[in-house]
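Both ligands and their constituent atoms are indexed starting at 1 by order of listing.
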Amino acid sequence: MTVNELKTKIVEEAKRRDTIILAHTYQNPDIIDIASVTGDSFFLSQKAKELKGKRVIMCGVRFMAESVKILSPETEVILPVPSATCLMAEQISPERVRQFKSENPDTAVVAYINTTAALKAECDVCVTSSSALKIVKALPNKNILFIPDKNLGSYVKKQLPEKNIILWDGFCPVHDKLTKEDIINLKNEHPDAVFAVHPESPEEVLEYADMIGATSEIIKYAKSHNGKVIIGTERGVVDYLSTHEENGDRFIQLSREKLVCEDMKITTLEDVYKAVIGEQGESIELDENLRQKALKSIEKMLELG
Ligand code: 13P
Ligand code: SF4
């Protein structure tokens, strides 16, 4: 079977089985092509809720499939490749957070939405990279523990000197590899380009940014800018923009070698096909009590953000 034949078969089978295929923008371009909806992690989980499908295939990593399940408990949510996990999302254990909370009862625990359901259940509020600043500012607590990403946490901390923000030593192993030399060299090559970057990147890189935001915000910004844009996030974003937008060569990838997330790229078209026809994948199950607690942290985020 050719790749195009396989793509057609996936779409047909998904339709026949009332199945929605969601794909994070970091997925392989072939998977982006057959997805019903693409976007960033929180957008996809909200979309799944809206679409009210009976069955969702979540092409991404485990925490993304869990987020869909938290918001849509009646939906069957399938992660096509169960080993697709996010190293950042799992860098702190729920037990460690519980211990911290019992030792520091006046400290609010703020979790980046890119964490496991078990961590969302332990925190006081979740934040996306775009709402983090507003939400931390709105919290009544002066003392904040920010988990798990130290880079997003330090970006927030720098702008809120009135808060005492404790950072967890977690990070995204993909974005954290970037250095200021990567951006300086590329800016020298393209002095007319603006630079948009994900806040999971180190502070020394964020300092050169014209725009800092989550995947969807980077895409929006890049589309609306007429000239060249250097993009500092997983290379799926530039792959997407360069094939879906006019003058695609104006999107310039920062360090294509570093900015590839193996966990996001592990899922293949064959995996998706097998998941659609029910021969592969894990159906995500969450303990109802844990799901309710995780949902509360997300609802608080929506209320404050
Ligand atoms: P977004 O929430 O921006 O989609 O982030 C996903 C991710 O994995 C970032 O590295
Ligand atoms: Fe996790 Fe980083 Fe991969 Fe995103 S890019 S899924 S944060 S490891």
contact_flag His24 ligand 1 heavy-atom lt 4.0 Å: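 Yes, His24 has a heavy atom closer than 4.0 Å to ligand 1.
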Sub-4.0 Å heavy-atom approach of His175 to ligand 1: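 It does, in that a heavy atom of His175 comes within the 4.0 Å cut-off of ligand 1.
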What's the shortest distance from [atom] to any protein heavy atom, and which residue and atom give it?
| atom | answer |
| --- | --- |
| atom 8 (O) of ligand 1 | Tyr26 CE1, 3.5 Å |
| atom 1 (Fe) of ligand 2 | Cys86 SG, 2.3 Å |
| atom 4 (Fe) of ligand 2 | Tyr26 CE1, 4.0 Å |
| atom 9 (C) of ligand 1 | Glu200 OE2, 3.1 Å |
| atom 1 (P) of ligand 1 | Thr215 OG1, 3.3 Å |

Heavy-atom pair of closest approach, residues Leu269 and Ile10: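 Taking every non-hydrogen atom into account, O-CD1, 3.5 Å.
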Side chain, backbone, both or neither: Glu200 near ligand 2, heavy atoms under 4.0 Å: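 Answer for Glu200: side chain.
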Going by the order shown, which atoms of ligand 1 are within less than 4.0 Å of some heavy atom of [X]?
| X | result |
| --- | --- |
| Ala214 | 3 (O) |
| Asn114 | 2 (O), 5 (O), 6 (C), 7 (C), 9 (C) |
| Ser41 | 1 (P), 2 (O), 4 (O) |

Candidate with minimal heavy-atom separation from atom 3 (Fe) of ligand 2, of Cys172, Pro148, Cys261: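 It is Cys261 whose heavy atom sits nearest to atom 3 (Fe) of ligand 2.
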Which segment of Thr128 sits under 4.0 Å of ligand 1 when only heavy atoms are counted: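 Under 4.0 Å from ligand 1, Thr128 contributes no heavy atoms.
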Sole residue of His175, His198, Lys265 in side chain to side chain donor-acceptor pair (under 3.5 Å) with Glu234: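 Exactly one pass, corresponding to Lys265.
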Backbone or side-chain N or O of His198 under 3.5 Å from ligand 1 N or O: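 So ligand 1 has an N or O lying under 3.5 Å from an N or O of His198.
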